Amino acid sequence: MTRLISYFALFIVLVFAQTFLPHIIVFHSSITFDLLLVFLTIVALQISTFSAILIGFSIGLIQDLTTQQNLLGSFSFMKSISGFTINYLTRFDKTWNRMIRYLFILGCYVLHYSIYYYIRFSGMSGEFMNALISVGIHSLLNLFLLWFIDRFVFNHKLI
Amino acid sequence: MMYFFGKIYNYRNSIALILTSVISLLLFFKRESPIVKNVRSDVADVAYYILSPKRAYQNLLSIKRENEILKESMVSMQLMNAKLVRYKNENDQLKGMLNFVEESSLSLQPSSVVDMDFNSSVQTIILDIGKNGDIRPNLPVLDINGLVGKVISVGDRASLVQLITDKNYRVSVRVGEKRSLGIFSPTHGTFGKLDGMQKSLIINPGDLVVTSGISDIYPADVPVAVVISAHSDDEHGFQDVFVELLGDVYNLNYVFIIH
């Protein structure tokens, strides 16, 4: 219960932090850490699949409401799928080594950002390469943040 | 009920994923922003390609069904066309008969041929008129071209006609510029010969053969046949005159009975 409350409090803080986080512009795309995605990854690796899906959906819905109301539903869709796919890793935490597990999470992030940038660049011609580079940078940036947290907060016990 | 909830519990992860995805997509596609419209059109394109085999199959089925309907329709149209052609021919025939009746000075009773018999000992046709039409035996019968026979038997509603092609049929005729008398008798098919034609008579191919009028049965000048050849030799006392019948005996539909 204490952990649940602490996670909830952390989530509220992260929502505010996300809005004030600095952005970098790369190939016409504003790129920053997705704190909520990293938070979802940490939570999804510690709870059941069912809860991971619902929490992913809730995080996505709140992110939609706070950042892009004209695309309401897009983040909730991406985060639901991300919650499910990241949680899938818990089935193989004893059989896969750390490198494979990180690669799997990278794959989940790539999936997440592929949907995100597909929606973002939808209807624009000649943006395929930009979208591809943005997906790669965004995914690697968040994976680095996750590694950092895993290394210094969880002492390599998260992944 | 417990089994049902048990199943739902077992598949809760899949159900949760599907439900959240559906809700998210519903929320997304309800928006009317240009991006959503673009995504919507992309989804429609993908759905178009995914569903193309189904569409092709449906088209194939509909084409097959259409083909069957067209075939049915074609057969029906062909039947109708055949019927219309028959009506046209009948109409032409009736128009010809009408003109013939108007031009003829004879009292003519039209009648329809309901049966023909060319195989028995007497070649006959049956008409759809009898005593009810004031028909009597020995009345001559003709079509628009010429004489075709005479009534030999009369029922209440039908009459039997002996055809001119019957081997026992004889009719007194005139032929040539001098309207010489002779007796027509059939030979084979629509051909016949004239008996009793003297060698001194000038008869040419193409001369019209008409009834003589000296008989009690046939009025004078009813066309019977046309001469196709006339020649004489020393062995016979008379000319050999061969004629072809004018009446279309083997294709009779309507005839006239002369009162």
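We name chains A, B, ... by the order of the sequence lines, and we start the count at 1 in each one. Remember, predicted model here, so these are calculated numbers, not experimental data.
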> Is it the backbone or the side chain of A:Phe84 that comes under 4.5 Å from a heavy atom of chain B, or both, or neither?
Replying inline: side chain

> Is it the side chain or the backbone of A:Tyr118 that comes within 4.5 Å of chain B heavy atoms, both, or neither?
Replying inline: side chain

> How far does CZ of A:Phe57 sit from OG of B:Ser21, to the nearest 0.5 angstrom?
Replying inline: 9.0 Å

> Got a second to check how far B:Arg12's CZ is from A:Ser51's OG, nearest 0.5 Å?
Replying inline: 8.5 Å

[X] versus [Y]: any side-chain heavy-atom pair under 4.5 Å?
{"X": "A:Thr49", "Y": "B:Leu17", "result": "no"}
{"X": "A:Phe77", "Y": "B:Ile23", "result": "no"}
{"X": "B:Ser33", "Y": "A:Leu71", "result": "yes"}

>> Using side chain to side chain contact (heavy atoms under 4.5 Å, CB included), reason through A:Asp64 and B:Leu27 one step at a time and then give a plain yes or no.
In response: CA-CA 11 Å; A:Asp64 277 332; B:Leu27 286 171; over 6 Å; no

>> For a quick test of reading the model, state the closest non-hydrogen atom pair linking A:Leu72 to B:Arg31 and the distance between them.
In response: CD2-NH2, 3.2 Å

>> For a quick test of reading the model, state the closest non-hydrogen atom pair linking B:Ile35 to A:Ile119 and the distance between them.
In response: CG2-O, 3.0 Å

>> I need the residue from A:Gly56, A:Ser80, A:Gly60 with the largest number of non-hydrogen atom pairs under 4.5 Å to chain B.
In response: A:Ser80

> Looking at B:Val22, B:Asn13, B:Leu19, which makes the most heavy-atom pairs under 4.5 Å with chain A?
Replying inline: B:Asn13

> More than 12 foreign heavy atoms under 6.0 Å from CZ of A:Phe154: is that the case here?
Replying inline: yes

> So does B:Phe29 have more than 12 non-hydrogen atoms from other groups sitting under 6.0 Å from CZ?
Replying inline: yes

